[in-house]
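Below is one structure, written out as structure tokens; the observations come after it.
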Amino acid sequence: MRVLGIETSCDETAAAIVERDDEGNGRILSSIVLSQIADHAPYGGVVPEIAARAHVEVLDRLIDQALHEAHITLNEVDAVAATAGPGLVGGLIVGLMTGKAIAMAAQKPFYAVNHLEGHALTPRLTDRIDFPYLLLLVSGGHTQMVLVKGLGNYERLGTTIDDALGEAFDKTAKLLGLPYPGGPEVERAALRGDPSRFTLPRPLKGEERLDFSFSGLKTAVRQLATSLEPLSAVDVDDICAAFQTAVAETLEDRVSRSLLRFRQTFPDVEKPALVVAGGVAANNVLRTGLQKLCSERGFRFIAPPLALCTDNAAMIAWAGAERANENAPADSLDIAPRSRWPLDMQSAPLIGAGRRGAKA
Ligand code: KG4
Ligand code: ZN
């Protein structure tokens with residue numbers, strides 16, 4: 001089965017063709033991602049109107065290119081899948097309308113995919129792992145710990161009560177005069193810095209609940225930076241090192257509690273797995289810390305290749321393929337985009353969770 005996937009929920013325009021065989025093996029025949037980072041960089045963040053326009057300008061060409069690179073025609077595609085939410089509504093409309101139009105014209109079933117489900121199912125494409133597993137999604141718009149129990153069966157164990165982790169990296173960078181996106185910049189500066197010169201708070205560390213909070217940390221960075229002004233290059237490096245150390249410790253605390261919760265919920269799973277996804281998973285220090293924690297606790301640590309950790313359309317096509325494989329009914333072409341669309345419909349929304357509401 002071959003599925004065309006379309007992703008336009010934030011600032012990446014993406015199209016992909018993914019194949020799934022009857023045994024559940026996935027193969028990416030093509031995956032094209034066009035980042036709009038350069039368009040948004042002057043504004044220090046994603047501008048929704050610019051994003052929507054940029055998607056319109058390139059999406060049809062990208063889909064053509066995805067088919068071409070996969071060496072297939074639209075007739076040889078079995079289904080079309082497009083992200084319907086959560087995300088920036090202008091961008092979602094572009095991808096969803098395009099997907100529906102192609103499905104209708106080519107008479108193929110259409111699947112409206114939750115972007116978070118795309119991230120959640122990626123390790124089944126890359127590593128063929130079985131349900132259930134634990135997912136830590138850390139990106140510019142979301143910070144969530146999710147129990148992935150089965151296809152369409154997700155339990156959110158924790159989420160951020162204020163800023164997403166990637167957002168905290170980006171805001172910290174901005175405060176310190178580093179360019180956008182801030183994550184890689186902060187990581188680079190932290191490498192040079194002395195993590196012991198300053199101590200920053202570890203929000204929610206030691207608390208029973210599995211949520212995250214990063215706005216207090218960001219405020220502490222602002223206060224520290226103000227108190228040191230004018231900042232030298234060494235000050236910036238040392239603050240970044242202190243920030244990253246605080247984040248690493250906080251994450252390890254939250255994640256180690258989640259691993260325990262997983263064990264309690266699924267005591268019979270022999271080789272449980274923690275999967276990380278989202279742009280922040282690119283951070284080497286955080287990644288190494290989580291890897292170490294997992295090996296101490298008998299968990300497998302799975303980090304899909306970076307290109308599949310960040311936003312892409314292969315994960316959307318794959319989510320469509322998984323649903324098609326279960327003979328899930330196709331979605332109606334009346335389906336509307338949803339700027340907010342929690343994976344776990346039972347979980348109460350938390351104030352500010354994924355505030356940008358845009359990136360996942
Ligand atoms: O998943 P992603 O590419 O886009 C969405 O948010 O959907 O994640 C982007 C986020 C940005 O906030 C960026 O600063 C952060 O991931 N990021 C990092 C690193 N690389 C990217 N954060 C920390 N360390 C990094 N090396
Ligand atoms: Zn995402």
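The analysis underlying the following values was restricted to heavy atoms, covering all of them including side chains, and did not include hydrogens, waters or symmetry mates.
For Thr8 (side chain) and Gly95 (main-chain N/O), a donor-acceptor pair under 3.5 Å exists by modelled atom type. Looking at Asn312, its side chain does come within 3.5 Å of a backbone N or O of Ala314 through a donor-acceptor pair. Judged by distance alone, the side chain of Asp162 and the main-chain N or O of Thr160 form no donor-acceptor pair under 3.5 Å. A donor-acceptor pair under 3.5 Å is formed between the side chain of Asp211 and the backbone N or O of Thr159. The closest donor-acceptor contact from the side chain of Asp170 to the backbone of Pro181 lies at 3.5 Å or more, if one exists at all. Looking at Arg156, its side chain never comes within 3.5 Å of a backbone N or O of Val146 through a donor-acceptor pair. The backbone N or O of Arg192 lies less than 3.5 Å from no partner atom in the side chain of Asp237, so there is not a single donor-acceptor pair. Remark: the backbone N or O of Leu204 is not paired with any side-chain donor or acceptor of Arg209 at under 3.5 angstrom. Checked by atom type and distance alone, the side chain of His40 pairs as donor or acceptor with a backbone atom of Val47 at under 3.5 Å. Checking side-chain atoms of His119 against main-chain N and O of Ala277 turns up no donor-acceptor pair under 3.5 Å.
Remark: Leu157 CG to Ser258 OG distance equals 6.0 Å, nearest 0.5 Å. Annotation: the span from Leu217 atom CG to Leu165 atom CG amounts to 9.0 Å, rounded to 0.5 Å. Here Asp331 contributes atom CG and Arg323 contributes atom CZ; the two are 4.5 Å apart, rounded to the nearest 0.5 Å. For the atom pair CG of Leu224 and CD of Glu229, the computed distance is 10.5 Å after rounding to the nearest 0.5 Å. Separating the CD1 atom in Ile161 from the OG atom in Ser213 is a distance of 4.0 Å, to the nearest 0.5 Å.
Cluster annotation: Ile302 is not connected to Val269 through the hydrophobic network of ILVMFWY side chains, with a link wherever side-chain heavy atoms come within less than 4.5 Å. Placement of Val148 and Phe262 in two distinct hydrophobic clusters is found when ILVMFWY residues are connected by side-chain heavy-atom separations under 4.5 Å, directly or transitively. Under the 4.5 Å side-chain heavy-atom criterion for Ile, Leu, Val, Met, Phe, Trp and Tyr, Ile129 and Leu274 are members of distinct hydrophobic clusters.
The shortest heavy-atom contact between Gly140 and Ala164 is O-CB, 3.6 Å. Residue Asn284 comes nearest to Glu187 through the heavy atom pair N-OE2, 2.8 Å, listed as atom of the first residue, atom of the second, then distance. Between Ala51 and Cys10, the shortest heavy-atom distance links the atoms CB-O, 3.8 Å. In this structure, Asp39 and Ala54 approach most closely via the heavy-atom pair OD2-CB, 4.2 Å. Scanning both residues, Val276 and Pro304, for their nearest heavy atoms gives O-CD, 3.2 Å. For Gly5 against Ala313, the heavy-atom pair with the smallest separation is O-CB, 3.5 Å.
Ring orientation note: the planes of Phe212 and Phe214 are close to parallel, at an angle under 30° on the 30°/60° scale. Between Tyr133 and Phe131, the angle of the ring planes stays under 30°, which puts this pair in the parallel group of the 30/60° scheme.
With sequence neighbours excluded, no residue forms a salt bridge (Lys or Arg N to Asp or Glu O under 4.0 Å) with Glu270. Partners of Glu155 under the side chain to side chain donor-acceptor pair (under 3.5 Å) rule, at least two apart in sequence or in another chain, are Lys149. Shown here are the side chain to side chain donor-acceptor pair (under 3.5 Å) partners of Arg261, two or more places apart in sequence or in another chain: there are none. For Arg188, the salt bridge (Lys or Arg N to Asp or Glu O under 4.0 Å) criterion is met by Glu185, not counting sequence neighbours. With sequence neighbours excluded, no residue forms a side chain to side chain donor-acceptor pair (under 3.5 Å) with Ser227. Among residues two or more places apart in sequence or in another chain, the side chain to side chain donor-acceptor pair (under 3.5 Å) test is passed with Arg197 by Asp235, Asp238.
As a member of the Ile/Leu/Val/Met/Phe/Trp/Tyr network built from side-chain separations under 4.5 Å, Phe110 groups with Leu4, Ile6, Ile17, Leu29, Val56, Leu59, Ile63, Leu67, Ile72, Leu74, Val77, Val80, Val94, Leu96, Ile102, Met104, Leu333, Ile335. Leu260 belongs to no multi-residue hydrophobic cluster, having no ILVMFWY side-chain contact under 4.5 Å with any other such residue. Met1 belongs to a hydrophobic cluster with Val3, counting contacts under 4.5 Å between side-chain heavy atoms of Ile, Leu, Val, Met, Phe, Trp and Tyr, direct or through other members.
Of the residues Asn114, Leu135, Leu121, Leu116, the one that meets the side-chain contact (heavy atoms from CB on, under 4.5 Å) test with Tyr154 is Leu121. With Leu147 as the fixed residue, the side-chain contact (heavy atoms from CB on, under 4.5 Å) test singles out one of Asp344, Thr265, Asn153: Thr265.
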(message) Please evaluate residues Phe169 and Phe243 with respect to the criterion ring pair (Phe, Tyr, Trp, His ring centres under 6.0 Å), reporting the C-alpha separation (whole Å), side-chain torsions for both, the decisive distance (0.1 Å), and the verdict.
(response) CA-CA 9 Å; Phe169 268 94; Phe243 171 82; 5.0 Å; yes
(message) For a salt bridge (Lys or Arg N to Asp or Glu O under 4.0 Å) check, start with the C-alpha distance between Arg257 and Glu208, then their side-chain angles and the critical distance, and finish with the verdict.
(response) CA-CA 8 Å; Arg257 275 164 204 275; Glu208 203 52 53; 3.6 Å; yes
(request) Apply salt bridge (Lys or Arg N to Asp or Glu O under 4.0 Å) to Arg202 and Asp253, showing your working. (result) CA-CA 9 Å; Arg202 275 79 168 134; Asp253 174 72; over 6 Å; no
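Residues Ile239 and Leu228 are in side-chain contact: their nearest non-hydrogen atoms beyond the backbone lie under 4.5 Å apart. Within the 4.5 Å cutoff, side-chain heavy atoms of Ile28 are placed close to those of Leu125. Side-chain contact between Thr126 and Pro305 is present, with at least one heavy-atom pair separated by less than 4.5 Å.
Annotation for Arg53: atom CZ does not count as buried by contact number, only 12 or fewer foreign heavy atoms lying within 6.0 Å.
Residue pairs meeting the side chain to side chain donor-acceptor pair (under 3.5 Å) criterion with at least one member in residues 19-34, sequence neighbours excluded: Arg2-Glu19, Glu19-Arg27, Arg20-Asn325, Asp21-Asn25, Asn25-Arg128. Under the side chain to side chain donor-acceptor pair (under 3.5 Å) criterion, the residue pairs touching residues 295-307 are Lys292-Glu296, with sequence neighbours excluded. Contacts classified as side chain to side chain donor-acceptor pair (under 3.5 Å) and involving residues 73-85 (residues at least two apart or in different chains) are given here: Glu7-Thr83, Thr73-Glu76.
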